[in-house]
Amino acid sequence: MPAPSPPLTAESSGNTTPAPVGLGTLFIAFAKMSLAGFGGVLVWARRAIVEQHGWMTAEEFNETFAICHFLPGPNIVNLSVVFGARIRGIPGAVAAFAGLLGPPVLIVTFLAILYSRYGDLEALRRTLAGVSCVAVGLLFAVIARMMLPLLKKREPLDLLTMLAVFVAVGLVRWPLPIVLLVGVPVSVLLTIMVRRRSGA
Amino acid sequence: MSLFAVGGANSAIPEIHRIAVDVNHWLTDKQFSDVFAISQLSPGPNVLIVTLIGYQVAGILGALVATLSMCGPTAVVAYYVSRFLARSTHATWPGIVQAALVPLSIGLMSASGLIVMMTADTSIIAYSVTAVAAVLAFATRLNPLWLLVGGGLLGFAGIL
């Protein structure tokens, strides 16, 4: 018969490190930022991690996000895993991942059910058509924002890479893996060359 | 597919469209643009467009499988790479790779924009709504949700 013992871990751990963040707290924090993020969670993630909870400094956040951005896969999902792991190891990564994806997946699945049942209704079709027109516009706005610094730099090689990828994927419709297999090494080489030239 | 989504879900859209519509015929163009609209309307990461496609193909199980296979493998990769990077101190090459990927991912996103535009916009009015939304979103700090709702109302009223 196991006797109830007082929790030892609370005493023995965390003498030098700051108070560990609970897995539940992690889950809820990521669920919140995910549900707040219509059309992009990043802004909310930054606000929650840096400003609200103070889990990272702004520099640490940028650095972590840069890693997540150049890794394949959805950035924000990567961010949740990398961040969760930094704070609480693998359980932390799982908690953040589940918090980020769990609740919105439930909502989206529910919407999918509605869509497959009522998708043929004329009014809904029209409404969705209107929404998608705007959604496309929003996407263009994001692209324009991202393109500004590139245009300001006036680096012809960068602009050429961008244009080549656009033509290959958007107009010629080549499969993405092939384009990336060629594009990534070429772009890395060009970047190294440009840096050498400007550094010399 | 997810392993190639450099720079976020929006750059993977051409590939998602190619696989779901052109290769496998899981969805029509019209359904694809509906699904894109729903994914933009929903909270959470935009990557959830694959959840919707998964549901169209194979119900709730399909939705779960699509989501996990889109996010799971890369999450594992992210975990290991970040641990590796945390240990290495002389880190100039992540900066180089990152700088090299910026023009690539913008090119990809522009291709995404073109493809969803061709599936979503079917009339001159639709194109102008897209243009107005783009300018408003670019020039103001208006919450995008209001623009999406506005588009929905215009559509509902039968203007498009």
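Note: hydrogens, waters and symmetry copies are ignored here, and every other heavy atom, side chains too, is used.
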Out of [options], return the one with the most heavy atom pairs under 4.5 angstrom to chain B.
options                                   : result
Ala85(A), Gly130(A), Ser80(A)             : Gly130(A)
Ala164(A), Ala93(A), Pro103(A), Ala141(A) : Ala141(A)
Thr191(A), Leu111(A), Thr127(A)           : Thr127(A)
Val179(A), Leu138(A), Leu157(A)           : Leu138(A)

Is the shortest side-chain heavy-atom distance between [X] and [Y] below 4.5 Å?
X         : Y         : result
Arg126(A) : Leu154(B) : no
Leu52(B)  : Tyr115(A) : no
Arg83(B)  : Val82(A)  : no
Val165(A) : Pro103(B) : no
Val132(B) : Val134(A) : no
Leu64(B)  : Val105(A) : yes
Arg173(A) : His17(B)  : yes
Leu108(B) : Phe166(A) : no

Roughly how far, to the nearest 0.5 Å, is [atom2] of [Y] from [atom1] of [X]?
X         : Y         : atom1 : atom2 : answer
Ile76(A)  : Cys71(B)  : CD1   : SG    : 11.5 Å
Glu122(A) : Phe156(B) : CD    : CZ    : 11.0 Å
Cys133(A) : Leu147(B) : SG    : CG    : 12.5 Å
Ile107(A) : Leu48(B)  : CD1   : CG    : 9.5 Å
Leu148(A) : Phe138(B) : CG    : CZ    : 4.5 Å
Ser112(B) : Leu139(A) : OG    : CG    : 6.0 Å

Do [X] and [Y] sit in one hydrophobic cluster, given that two such residues count as connected whenever their side-chain heavy atoms are within less than 4.5 Å of each other, even indirectly?
X         : Y         : value
Ile87(A)  : Phe61(A)  : yes
Tyr127(B) : Phe32(B)  : yes
Val182(A) : Met193(A) : yes
Leu150(A) : Ile192(A) : yes
Val65(B)  : Ile53(B)  : no

Minimum heavy-atom distance [X]-[Y], with the two atoms named:
X         : Y         : answer
Asn78(A)  : Ala78(B)  : OD1-CB, 3.6 Å
Ala129(A) : Lys30(B)  : CB-NZ, 4.0 Å
Ala37(B)  : Val131(A) : CB-CG1, 3.8 Å
Pro104(A) : Pro45(B)  : CG-CD, 4.3 Å

For [X], is it the side chain, the backbone, both or neither that has a heavy atom under 4.5 Å from a heavy atom of chain A?
X         : answer
Gln31(B)  : both
Ser110(B) : both
Ile125(B) : neither
Leu114(B) : both
Tyr55(B)  : side chain
Ala75(B)  : both

Report task. Test side chain to side chain contact (heavy atoms under 4.5 Å, CB included) on Ile60(B) and Ile113(A) and set out the steps. Result -> CA-CA 9 Å; Ile60(B) 291 183; Ile113(A) 294 170; 4.3 Å; yes

Contact part of [X] toward chain B, heavy-atom cut-off under 4.5 Å: side chain, backbone, both or neither?
X         : result
Leu163(A) : neither
Val77(A)  : side chain
Leu100(A) : both
Leu114(A) : neither

Requested in this report: Give the C-alpha distance, both sets of side-chain angles, the deciding distance and a yes or no for side chain to side chain contact (heavy atoms under 4.5 Å, CB included) between Tyr79(B) and Ile90(A).
Outcome: CA-CA 9 Å; Tyr79(B) 174 75; Ile90(A) 290 182; 3.3 Å; yes

Report task. Check the pair Met147(A), Met109(B) against side chain to side chain contact (heavy atoms under 4.5 Å, CB included), reporting the backbone distance first and the verdict last. Result -> CA-CA 10 Å; Met147(A) 221 184 264; Met109(B) 287 181 63; over 6 Å; no

Query - Stepwise side chain to side chain contact (heavy atoms under 4.5 Å, CB included) test for Ile38(B) and Val108(A) - result: CA-CA 8 Å; Ile38(B) 297 175; Val108(A) 167; 5.6 Å; no

Requested in this report: With Ile106(B) as reference, evaluate Asp158(A), Val142(A), Ile143(A) under the side chain to side chain contact (heavy atoms under 4.5 Å, CB included) test and give the passing residue.
Outcome: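 Option passing the side chain to side chain contact (heavy atoms under 4.5 Å, CB included) with Ile106(B): Ile143(A).
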
Report task. Taking atom CH2 of Trp174(A) as the centre, report whether more than 12 heavy atoms of other residues, nucleotides or ligands fall under 6.0 Å from it. Result ->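 No, CH2 of Trp174(A) has 12 or fewer neighbouring heavy atoms, counting only those of other groups under 6.0 Å.
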
Requested in this report: Under 4.5 Å, counting heavy-atom pairs only, tell me which of Thr51(B), Asp34(B), Val129(B) racks up the most with chain A.
Outcome: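 Sorted descending by pairs with chain A, the first entry is Asp34(B).
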
